[in-house]
Protein chains: 4
Amino acid sequence: MARPRSEDKRTAILEAATKIVAMLGVSAPTAKIAKGAGVAEGTLFIYFANKDELLNQLYLELKLELRDAMMPGYPAGEGPIDRSRHVWDRYIGWSSAHPLKRRAMRQLAVSDRITEKTKRLVGDAFGEVNDTMRECAAGGVLRHRPPSFVSAMMTAIADTTMDFVAREPAQAKRTTKAAFDAFWKAVAG
Amino acid sequence: MARPRSEDKRTAILEAATKIVAMLGVSAPTAKIAKGAGVAEGTLFIYFANKDELLNQLYLELKLELRDAMMPGYPAGEGPIDRSRHVWDRYIGWSSAHPLKRRAMRQLAVSDRITEKTKRLVGDAFGEVNDTMRECAAGGVLRHRPPSFVSAMMTAIADTTMDFVAREPAQAKRTTKAAFDAFWKAVAG
Amino acid sequence: MARPRSEDKRTAILEAATKIVAMLGVSAPTAKIAKGAGVAEGTLFIYFANKDELLNQLYLELKLELRDAMMPGYPAGEGPIDRSRHVWDRYIGWSSAHPLKRRAMRQLAVSDRITEKTKRLVGDAFGEVNDTMRECAAGGVLRHRPPSFVSAMMTAIADTTMDFVAREPAQAKRTTKAAFDAFWKAVAG
Amino acid sequence: MARPRSEDKRTAILEAATKIVAMLGVSAPTAKIAKGAGVAEGTLFIYFANKDELLNQLYLELKLELRDAMMPGYPAGEGPIDRSRHVWDRYIGWSSAHPLKRRAMRQLAVSDRITEKTKRLVGDAFGEVNDTMRECAAGGVLRHRPPSFVSAMMTAIADTTMDFVAREPAQAKRTTKAAFDAFWKAVAG
DNA sequence: AATGAATGAGAATTCATTCAT
DNA sequence: AATGAATGAATTCTCATTCAT
């Protein structure tokens, strides 16, 4: 297990892992992931000590990417509903644009292979998002709950929304609109 | 006639599967499930043709049990908020009382091993629950969405709630109360 | 393992075994044989102590049936070629009429599960057939070989013939005729 | 590059398979074959995708080896009986020298695991042998039959011969001689 | 560093046989 | 006697990980 040399290969492995985990779950064979990345089976273990480390890294990177997609352009000067809407739209937008990433993230989230440490790192990374959520929820029934609860609520509502959008794409606009209204009432109403 | 097939053993296998799947996911070995049920490895395949059938049956039974826990005592004569509250309380109550069942249900739900047929059976079984949800949502922003969407929303919000209750049991009451208020505003507000 | 009561059941098991062994080989499961015979899995072991005994009995019965099909109507008064032709025709006739029995017999013959004892019993049973063969071969190049060798030769030539007839049924008559001529030349020429 | 795939190991697996299949039939466990070859159980599946492929390859290689043993030194200039005798001697010689190979070949031939494709490849490979047989049979009763029929007849007669040689080795010479005479009369007489 | 052959501990099933009913 | 549920060893094949090249 020597020191890895190519950042490209690491990225290729993580991208292949996204696809394969999305499709086959966390029990996806490392050999398939390596093949998808265009590297040899053994090479994977140069970049990741073992499969668990790969899965944890993947989860972390996906979550960080999602976070990075949510904040830019945040309308700090606007009212809470606009700020909330911004976060919501970004979340829905990123998830719709990257269905495999979303599916992989979910598979990882329910698996027992994501360590507490990884979960903590993810929590830390979402500090800014949570702050935003706190502001949005400042006047609502959840104002005394931890901000991560509000974030989780948004994620839960948005994920459910996307499941239905996937089932009935024709209603996408209306479903998303209604779901945001519901979410807004939930946190701020 | 030979020994009759024992309902007790079938139940024991399903109960063991609940525990093991909750802990290890759908890749839980059938050998461990059989051992947990106190039967031989081969016996499992007398009661379930293969692992997929076991997983589908388990999912169906858990969902039916949850449904049966939700409806009794439904206050049909009361106003929507009370009726809604009834369903919510029952859902939270059952899930808190059976954390392993809830966890197993989730593992199964995100796996790709639950067939469309099983999903349809579950959907049919929740007809009454969905009717209730439709009534509750009649005046809210989700009134034009399918009732199963409202049900799914409640499940999502309640599941998120329970995750936080599990993390901070001291705040259970307050968290649950606030979450119900949020849910109520979301669907009826 | 009590004493079996019904000869019908024994026969049913052997008949089912013929079909199943013909189709699946000697590794055919006893459960399938029992099902084919319309009896319970355990019943098979009342009539046959174990699978090996079933297979040996089956082999013996098939061979005896074949023998019984070959001798009746034997034209003792005719010349050797007619007598030989009689045996040949009977063998071809029986095998064509009972392709499953023939196939089962072959599967059993090449398996390692037929004991020496069974083989000896079969050899003894073919005494009369062998005597006939000795007479037929009396003037030929095989006259100093054991008569069972001549029998085996006929079986080998006839089996090969039937394989080709099965492949090209349109040529059945001509193939069979030519093969008999070849056989006759081989043993008597 | 990693270790290259070793031709030695492939050969060792096929040789072990020959022994084990000869003794136990096609139901011989792959684990035993691997052990016999001195490789790990999993290694077998690097060289052969699955058991069926192993069995088909084995059958093909044995048949090709037999063919290669039959033709060298073919006395093209001699008369038909000498040419025929050459093929016969080579067949008997190879089969006597490699009883396990012969037994394995038979087990495979009667099993249902040899695909049509493999059978066709074998048939193609025996084109030259069949041509020889056609010439030998040109003046006999089988002259209008397909040459593969004559080949099959020779194989059948020779196999029967070897069974008897195995039973009475003291008579080997005489039995083989008489059997060839019989064969010659059959095809050319 | 990169490769992919090699390993062997499982994984899901199957099946001959036993035994409670 | 007859049944078929119960058993658990055996079977084929997979896969994370190691290591010779």
Between A:D52 and D:A31, name the one whose nearest nucleotide on DNA chain F is closer to the 5' end. D:A31

Between E:dA1 and A:Y47, is there an OP1 or OP2 to side-chain N/O distance shorter than 4.0 Å? no

Can you tell me how far P of F:dT14 sits from CD1 of A:I20, to the nearest Å? 16 Å

5'-most by nearest nucleotide on DNA chain E - A:T43 or D:V39: A:T43

Please tabulate, for side-chain N and O atoms in residues 38-56 of chain D, each donor-acceptor pair with protein atoms closer than 3.5 Å (sequence neighbours left out).
residue: D:Y47; atom: OH; partner: D:S6; partner atom: N; Å: 2.9
residue: D:N50; atom: OD1; partner: D:D52; partner atom: N; Å: 3.3
residue: D:N50; atom: OD1; partner: D:E53; partner atom: N; Å: 2.9
residue: D:K51; atom: NZ; partner: D:V26; partner atom: O; Å: 2.9
residue: D:K51; atom: NZ; partner: D:A28; partner atom: O; Å: 2.8
residue: D:D52; atom: OD1; partner: D:R113; partner atom: NE; Å: 2.7
residue: D:D52; atom: OD1; partner: D:R113; partner atom: NH2; Å: 2.8
residue: D:N56; atom: OD1; partner: D:T115; partner atom: N; Å: 2.9
residue: D:N56; atom: OD1; partner: D:T115; partner atom: OG1; Å: 3.4
residue: D:N56; atom: OD1; partner: D:T118; partner atom: OG1; Å: 2.6
residue: D:N56; atom: ND2; partner: D:D52; partner atom: O; Å: 2.8
residue: D:N56; atom: ND2; partner: D:R113; partner atom: O; Å: 2.8

B:I33 CD1 to E:dA11 P, straight-line distance once rounded to whole Å: 11 Å

A:K35 NZ: over 12 foreign heavy atoms closer than 6.0 Å: no

Output yes when at least one side-chain N/O atom of A:T30 is less than 4.0 Å from OP1 or OP2 of F:dC15, else no. no

With a 4.0 Å cut-off, would you call D:R102 and D:D163 a salt bridge? yes

Separation of F:dT11 atom C1' from D:F45 atom CZ, nearest Å, is 9 Å

Is the NZ atom of B:K19 crowded by more than 12 outside heavy atoms at less than 6.0 Å? no

Would you mind classifying the nucleic acid contact of B:A28 as base, sugar-phosphate or nothing, using non-hydrogen atoms under 4.0 angstrom? sugar-phosphate

Rounded to whole Å, the NZ-C1' distance (C:K35 to E:dA16) equals 18 Å

Taking 4.0 angstrom as the limit, do C:E61 and C:R10 come out as a salt bridge? yes

Name the closest nucleotide to the B:P29 side chain, picking from E:dA12, E:dC15, E:dA6. E:dA12

Assess whether one donor atom and one acceptor atom, taken from the side chain of A:E41 and the base of F:dC15, lie less than 3.5 Å apart. no

A:N50 has an atom CG; how far is it from atom C1' of F:dC15, in whole Å? 14 Å

Under 4.0 Å between a Lys/Arg side-chain N and an Asp/Glu carboxylate O for C:R103 and D:D112? no

Does E:dG4 have OP1 or OP2 under 4.0 Å away from a side-chain N or O of D:R3? no

E:dA5 OP1/OP2 closer than 4.0 Å to side-chain N/O of D:K9: no

To the nearest Å, how far apart are A:L44 CG and F:dC15 P? 14 Å

Separation of atom CZ in B:R10 from atom C1' in F:dA5, rounded to whole Å: 16 Å

Under 4.0 Å: is that the gap between some side-chain N or O of B:K51 and OP1 or OP2 of E:dT13? no

Distance check needed: E:dG8 P versus D:K32 NZ, whole Å only. 19 Å

Winner on side-chain proximity to B:A40, out of E:dT3, F:dT7, F:dA2, is F:dT7

With a 3.5 angstrom cut-off on both distances, give the Watson-Crick or G-U wobble partner of F:dA20, or none if there isn't one. E:dT3

Would you kindly compare D:P4 and D:G42 by the position of their nearest DNA chain E nucleotide and give the one closer to the 5′ end? D:P4

What is the pairing partner of F:dC15, taking Watson-Crick or G-U wobble pairs with both distances under 3.5 Å in any strand? E:dG8

